[in-house]
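Presented below is the structure to which this report refers.
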Protein chains: 2
Amino acid sequence: MKSAVQRKSLEANALPAPARRREALRADEPIFDLIELFFFAYRDFVGDADRMLENYEFGRAHHRVLHFVNRRPGLAIAALLDILKITKQSLNRVLKQLLEAGFVEARAGFSDRRQRLLYTTAKGAGLAQELAHLQSEHFVRVLNELPASARGAATDFLLAMIDAAERERVRVPLSRGGARMTASKAS
Amino acid sequence: MKSAVQRKSLEANALPAPARRREALRADEPIFDLIELFFFAYRDFVGDADRMLENYEFGRAHHRVLHFVNRRPGLAIAALLDILKITKQSLNRVLKQLLEAGFVEARAGFSDRRQRLLYTTAKGAGLAQELAHLQSEHFVRVLNELPASARGAATDFLLAMIDAAERERVRVPLSRGGARMTASKAS
DNA sequence: CTTATACGTCAGCTATATTGACATATTTGT
DNA sequence: ACAAATATGTCAATATAGCTGACGTATAAG
């Protein structure tokens with residue numbers, strides 16, 4: 001079924017191995033397959049969550065906020081803006097809704113009380129978890145139909161696709177990450 | 001650098017090989033790394049083109065239309081809608097602008113004159129090419145910092161991420177695909 | 001000759017983002 | 001103590017990209 005397409009790509013890949021040193025790839029001819037696959041893959045990937053979010057009257061923007069707040073408890077507004085790369089006015093609309101609906105809560109920073117550190121509530125964490133689970137299932141389905149090396153390869157590929165300057169920030173400040181955000185400016 | 005993330009994923013992946021039959025991966029714990037990497041990677045990938053499009057006063061929507069029309073000369077409206085998964089009203093706004101600005105042109109179908117078959121003009125093809133080249137350079141940069149197998153792996157991964165029902169359609173009707181209506185000129 | 005199809009268009013609505021200006025609380029530097 | 005910088009909130013206007021619904025027109029097909 002899908003093997004046709006897959007086979008094609010695999011063949012294309014199996015080019016004269018030695019010819020590929022460091023000048024392996026030139027951009028003389030556009031890499032249309034990857035361009036289009038990336039578009040379709042992303043669209044279908046976010047589609048899953050989009051459909052679930054409709055039940056809560058939330059959109060993709062809410063999802064992103066909820067996700068990152070959940071992953072980085074104690075995240076400050078400025079840090080969130082920096083991750084999302086949107087303006088505070090844009091953020092405020094969706095954040096306000098999440099706060100009012102009780103999915104996220106804000107506490108004043110301890111060392112700097114101007115800050116509003118964000119945390120998911122139990123309810124918010126639940127939804128974030130549901131969404132992450134849904135998207136994880138998508139990945140699991142995908143990875144299970146690919147060789148075992150696929151996960152590492154996908155991780156490496158996606159990481160390399162991220163602007164070099166951003167890759168640092170991507171490495172999630174797990175657990176107590178956000179709290180020390182106070183010093184974010186300092187570093 | 002990236003090894004932290006990478007190592008983690010590779011280890012997780014290196015589970016008792018035999019245990020990975022069909023139950024290889026469970027979704028008990030969300031695959032946060034891939035979820036976030038995919039988000040950031042897509043954002044940075046489309047960012048390149050977005051910046052170039054500003055010079056033409058076009059947005060991402062114009063890009064998509066231009067791209068697919070360029071790739072599938074002779075594409076009919078209905079087929080384009082099916083690819084983009086938007087409504088005709090949404091399409092019409094951007095398509096009209098592309099037509100008026102002379103980047104795309106429409107000719108009546110020969111066998112069915114109700115259809116408007118879309119083609120890029122020389123100007124449109126030029127811009128499409130520029131954009132594709134820009135995005136290809138992104139991929140080339142990425143693939144050149146990864147092992148040779150990365151391209152095949154990325155292709156397979158992205159293809160698998162696409163909804164199964166869609167994968168067929170994705171296999172680009174290259175060259176004479178839907179456009180073998182080359183006769184369009186003739187008749 | 002009626003119905004179905006391919007497409008265009010008007011009108012109004014929503015979600016997500018933008019810029020610019022201004023307000024308020026708090027921290028910091030002198 | 002005070003001025004300036006900072007973190008955040010908010011009001012207003014605007015743009016883009018999508019949506020639904022309703023209706024019109026040309027062409028194809030039964």
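Here is how names work: the chains are called A, B, and so on, in the same order as the sequence lines, proteins then strands, and each is numbered from 1.
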Original post:
Could you state the interatomic distance from CD (B:Q135) to CD1 (A:I31), rounded to the nearest 0.5 Å?
Top reply: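 CD1 of A:I31 is found 10.5 Å from CD of B:Q135.
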
Original post:
Which distance, rounded to the nearest 0.5 Å, do you find between the CG of A:L158 and the CZ of B:F157?
Top reply: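 Nearest 0.5 Å value for the CG-CZ distance: 5.0 Å.
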
What is the separation between atom [atom1] on [X] and atom [atom2] on [N], rounded to the nearest whole Å?
{"X": "B:R60", "N": "C:dT18", "atom1": "CZ", "atom2": "C1'", "result": "14 Å"}
{"X": "A:R51", "N": "D:dC19", "atom1": "CZ", "atom2": "P", "result": "14 Å"}
{"X": "A:K96", "N": "C:dT16", "atom1": "NZ", "atom2": "C1'", "result": "15 Å"}
{"X": "B:L95", "N": "D:dA17", "atom1": "CG", "atom2": "C1'", "result": "15 Å"}
{"X": "B:D50", "N": "C:dT16", "atom1": "CG", "atom2": "C1'", "result": "14 Å"}
{"X": "B:L84", "N": "D:dC19", "atom1": "CG", "atom2": "C1'", "result": "15 Å"}
{"X": "B:L81", "N": "D:dT20", "atom1": "CG", "atom2": "P", "result": "12 Å"}
{"X": "B:H63", "N": "D:dA17", "atom1": "NE2", "atom2": "P", "result": "12 Å"}

Go through [options] for me and flag the one nearest to the [X] side chain.
{"X": "B:R93", "options": "C:dC7, D:dG18, C:dT26", "result": "D:dG18"}
{"X": "A:I86", "options": "D:dA7, C:dA17, C:dA4", "result": "C:dA17"}
{"X": "A:D112", "options": "D:dA7, C:dT16, D:dA17", "result": "D:dA7"}

Original post:
Less than 4.0 Å between a side-chain N and a carboxylate O, is that true for B:K85 and A:D44?
Top reply: no

Original post:
Do A:E36 and B:R167 meet the salt-bridge criterion of a basic N to acidic O distance under 4.0 Å?
Top reply: no

Original post:
Is there a donor on the side chain of B:Q89 or the base of C:dG12 sitting less than 3.5 Å from an acceptor on the other?
Top reply: no

**OP:** Give a yes or no on whether a donor-acceptor pair under 3.5 Å exists between the nucleobase atoms of C:dT26, that is its base, and the side chain of A:R113.
**Re:** no

Could you tell me whether the phosphate oxygens of [N], OP1 or OP2, come under 4.0 Å of any side-chain nitrogen or oxygen in [X]?
{"X": "A:T87", "N": "C:dA17", "value": "no"}
{"X": "A:K85", "N": "C:dA17", "value": "no"}
{"X": "A:R64", "N": "C:dA17", "value": "yes"}
{"X": "A:S90", "N": "C:dT16", "value": "no"}

**OP:** Using the closest heavy atom to pick a nucleotide of DNA chain C for each, name whichever of A:R114 or B:N92 lands nearer the 5' end.
**Re:** B:N92

Original post:
Starting at the 5' end of DNA chain C and moving along, which residue's nearest nucleotide shows up first, A:F58 or B:A79?
Top reply: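 On the 5' side of the pair lies B:A79.
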
**OP:** Grab the two heavy atoms, one from B:F68 and one from B:L75, that are nearest each other, plus how far apart they are.
**Re:**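 Reported closest heavy-atom pair: O-CD2, 4.0 Å.
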
